[in-house]
There are 2 protein chains.
Amino acid sequence: MTDGPDARGDAFNPECPTRVVLDRIGDKWTALVIGALEGGSLRFNELRARVGGVAPKVLTQTLRAMERDGLLTRTVHAQVPPRVDYELTDLGASLTGPIGILTDWAETHVGGILASRAAYDEQADAR
Amino acid sequence: MTDGPDARGDAFNPECPTRVVLDRIGDKWTALVIGALEGGSLRFNELRARVGGVAPKVLTQTLRAMERDGLLTRTVHAQVPPRVDYELTDLGASLTGPIGILTDWAETHVGGILASRAAYDEQADAR
DNA sequence: CAGCATCCGATAAGATACTG
DNA sequence: CAGTATCTTATCGGATGCTG
């Protein structure tokens, strides 16, 4: 290891594994893109329609970052009009497991979280 | 449900369960705080030392957000000097599972991600 | 079709200093 | 001890318009 004593729990170290992953899936669109591509490859505008409400610039940024991280491949077909396919790599597909677990947790517990928020905010309002 | 047709895969809907959770653990310190509190309750400055490098203002923000979401409890002891204990709730503790899975995934795959980044950046540099 | 360029506003995060 | 107040910077996400 060249990472020093403990790259595991270090929010500063840009190579802390958990940080790398959290920074990627914590952004607004990555998880949605992974979900959209689970069913197979899609073209840029298909992805855009599927994800819904994302500006092209932002989708491009997201896609580039994911490509850079090896989560998906970008295939440009030499045609007119252009056709670009995005597809999950094995690495990207393997992320659907952990994300699914997070989503399951979220769906079973979000009720409690929202209730807790409401209670907390009500206390604050009362003062 | 009062959430409309599909709150599940909607990055806009602030009540989309996955978004709620991702927004919380995606921030820089929440995951670290949960990790720090896994071993039991800690006081503010213990937490601060354990987490490392976090400004008091930011730690307070993180803790308040987590308290609001019901992930931890904040207990003020009426003493001089003041003593405040932070402790995971059952809800907060139950998040350690999904986070652990994500961390495991991260640790086994971060090498590939970093390698992919290096390769990608090298291509970019070559041009 | 698949983007790139440009500009903008909101928010996150941090540094620093002060207080009940 | 456990914060709060204030200021500054960096980044994100988005709107709009243009192009190979």
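Below, chains carry the letters A, B, ... as their sequence lines are ordered, and counting in each starts from 1.
Between B:Arg19 and B:Asp10 no salt bridge is recorded (no basic side-chain N to carboxylate O distance below 4.0 Å).
Of the side-chain N and O atoms in B:Arg24, none sit less than 4.0 angstrom from OP1 or OP2 of C:dA12. For D:dG3, the OP1/OP2 oxygens have no side-chain nitrogen or oxygen of B:Arg43 closer than 4.0 Å. Taking only side-chain nitrogens and oxygens, B:Lys28 comes nearer than 4.0 Å to OP1 or OP2 of C:dG14. Side-chain N/O atoms of B:Tyr86 include one lying less than 4.0 angstrom from OP1 or OP2 on D:dG3. Within the structure, every side-chain polar atom (N or O) of B:Arg83 is placed at least 4.0 Å from both OP1 and OP2 of D:dG3.
Taking atom CZ on B:Arg19 and atom C1' on D:dC12, their separation rounds to 12 Å, with Å as the unit. Rounded to an integer number of Å, the gap from CG of B:Leu22 to P of D:dC12 is 16 Å. Regarding B:Arg48, its CZ atom lies at a distance of 13 Å from the P atom of D:dT4, rounded to whole Å. Following rounding to the nearest Å, A:Gln61 (CD) and D:dT11 (C1') show an atom-to-atom distance of 10 Å. Rounded to an integer number of Å, the gap from CD of A:Glu46 to C1' of C:dG3 is 16 Å. D:dA2 atom P lies 8 Å from atom CG of B:Asp85, rounded to whole Å. As rounded to whole Å, 13 Å separates atom P of D:dT4 from atom CG of B:Asn45. Taking atom CZ of A:Phe12 as the reference point, atom C1' of C:dG14 lies 9 Å away to the nearest angstrom.
The residue among B:Val76 and A:Ala55 whose nearest nucleotide of DNA chain D lies closer to the 5′ end is B:Val76. Closest-nucleotide positions on DNA chain D for A:Pro82 and A:Val54 were compared, and the one nearer the 5' end corresponds to A:Val54.
For B:Lys57 and C:dG14, a side-chain-to-base donor-acceptor distance below 3.5 Å is present, hydrogens and geometry of angles not being considered.
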Check the pair A:Asp69, A:Arg24 against side-chain contact (heavy atoms from CB on, under 4.5 Å), reporting the backbone distance first and the verdict last. CA-CA 9 Å; A:Asp69 285 358; A:Arg24 182 63 51 240; 2.7 Å; yes
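B:Val84 comes within 4.0 angstrom of sugar-phosphate atoms only, judged by non-hydrogen atoms across all strands, and of no base.
In the displayed structure, A:Arg50 atom CZ is contacted under 6.0 Å by at most 12 heavy atoms of other residues, nucleotides or ligands.
Side chain of B:Phe44, nearest nucleotide from D:dA2, C:dG14, D:dG13: D:dA2.
The one candidate from B:Val51, B:Leu37, B:Asp85, B:Val84 that meets the side-chain contact (heavy atoms from CB on, under 4.5 Å) condition with B:Leu42 is B:Leu37.
In this structure the side chain of A:Met66 never reaches within 4.5 angstrom of the side chain of A:Trp29, judged on heavy atoms.
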